[in-house]
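Here the structure comes first, spelled out in C-alpha cells, and everything after it is commentary.
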Amino acid sequence: ADYQLLSRLVEKSFILGSAEGRYDLHDLLRQYGREKLVEAGEIDGIRQQHFDYYFQTAQQNQPGQPDTSALETFHWLVREHLNLQAALEWVNAHGKPAAAQTFNRLIHADFHGYGIHRIDTQLD
C-alpha cells in the first residue's frame, strides 16, 4: 500500500500508525484479510513475498556487512522477531528445506553476532 492509502486507513481507524512509521491492525481485520487472500488464492504468493523480503533483509543485516550498524541490526532483529519466525515457519512448511535452513542460519548468525544465544526460530 502506498502512503496515501495507509493515511486514509489510519484516519478511519482501520489500522494504527506508530511514531516509527510502522502500522498494525486489529486481529479481526487481520483474520478477515487472511480469509480474503485464501479465497482469492493469493495467500501463498503473499507469504512468499513476505519470506523473500525478510530473507533478503537478513542477508543485508549480517554482522560485518558494509553500512550495517550493529545497534540498528539488533533493533531490527528484536522488532521483527515475529515476522522472522512466521517467515521461517512458512518456508519450512512449504517443502523448501534448503531455503529454510539458509534462512535459519542467517537469523541465528544475526542474533549470535550480537550476543543473543537463544531465540524461538528453530526448525522442527
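Both backbone and side-chain heavy atoms feed into the values below; hydrogens, waters and symmetry mates do not.
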message = Pair Gln101, Asn104 - check side chain to side chain contact (heavy atoms under 4.5 Å, CB included), show working.
response = CA-CA 5 Å; Gln101 289 174 349; Asn104 193 42; 5.6 Å; no
Spacing of Leu28 atom CG and Gln31 atom CD [to the nearest 0.5 Å] = 6.5 Å
Smallest separation among heavy atoms of Asp24 and Arg30, with atom names = OD1-NH2, 2.8 Å
ask   = Does the side chain of Arg8 reach to within under 4.5 Å of the side chain of Leu5, using non-hydrogen atoms?
value = yes
Counting only pairs under 3.5 Å, give me each side-chain donor-acceptor contact of residues 9-17, with atom names and distances, residues two or more places apart or in other chains.
none

key: Parallel, tilted or perpendicular, as decided by the 30° and 60° cut-offs, for the rings of Phe51 and Trp90   = tilted
query = Roughly how far, to the nearest 0.5 Å, is the CD atom of Glu80 from the CZ atom of Arg22?
reply = 4.0 Å
query = Do the side-chain N and O atoms of Gln56 and Gln60 include a donor-acceptor pair separated by under 3.5 angstrom?
reply = no
request  = Tell me, yes or no, whether the heavy-atom count around Tyr23 atom OH, taken from other residues, nucleotides or ligands under 6.0 Å, exceeds 12.
outcome  = yes
task = Any chance you could measure Thr57, atom OG1, to Asp52, atom CG, to the nearest 0.5 Å?
result = 10.5 Å
Salt bridge present between Arg47 and Asp44 (N-O < 4.0 angstrom) = no
request  = Look up atom CZ in Phe55 and atom CD in Gln48, then write down how far apart they are to the nearest 0.5 Å.
outcome  = 10.5 Å
note = Correct closest heavy-atom pair for Ala58 and Phe103 would be CB-CE1, 4.2 Å
message = Any heavy-atom pair between the side chains of Tyr54 and Ile107 that's under 4.5 Å?
response = no
request  = Kindly give the cluster partners of Ile43, where membership spreads through any ILVMFWY side chain lying under 4.5 Å from a current member.
outcome  = Leu37, Val38, Ile46
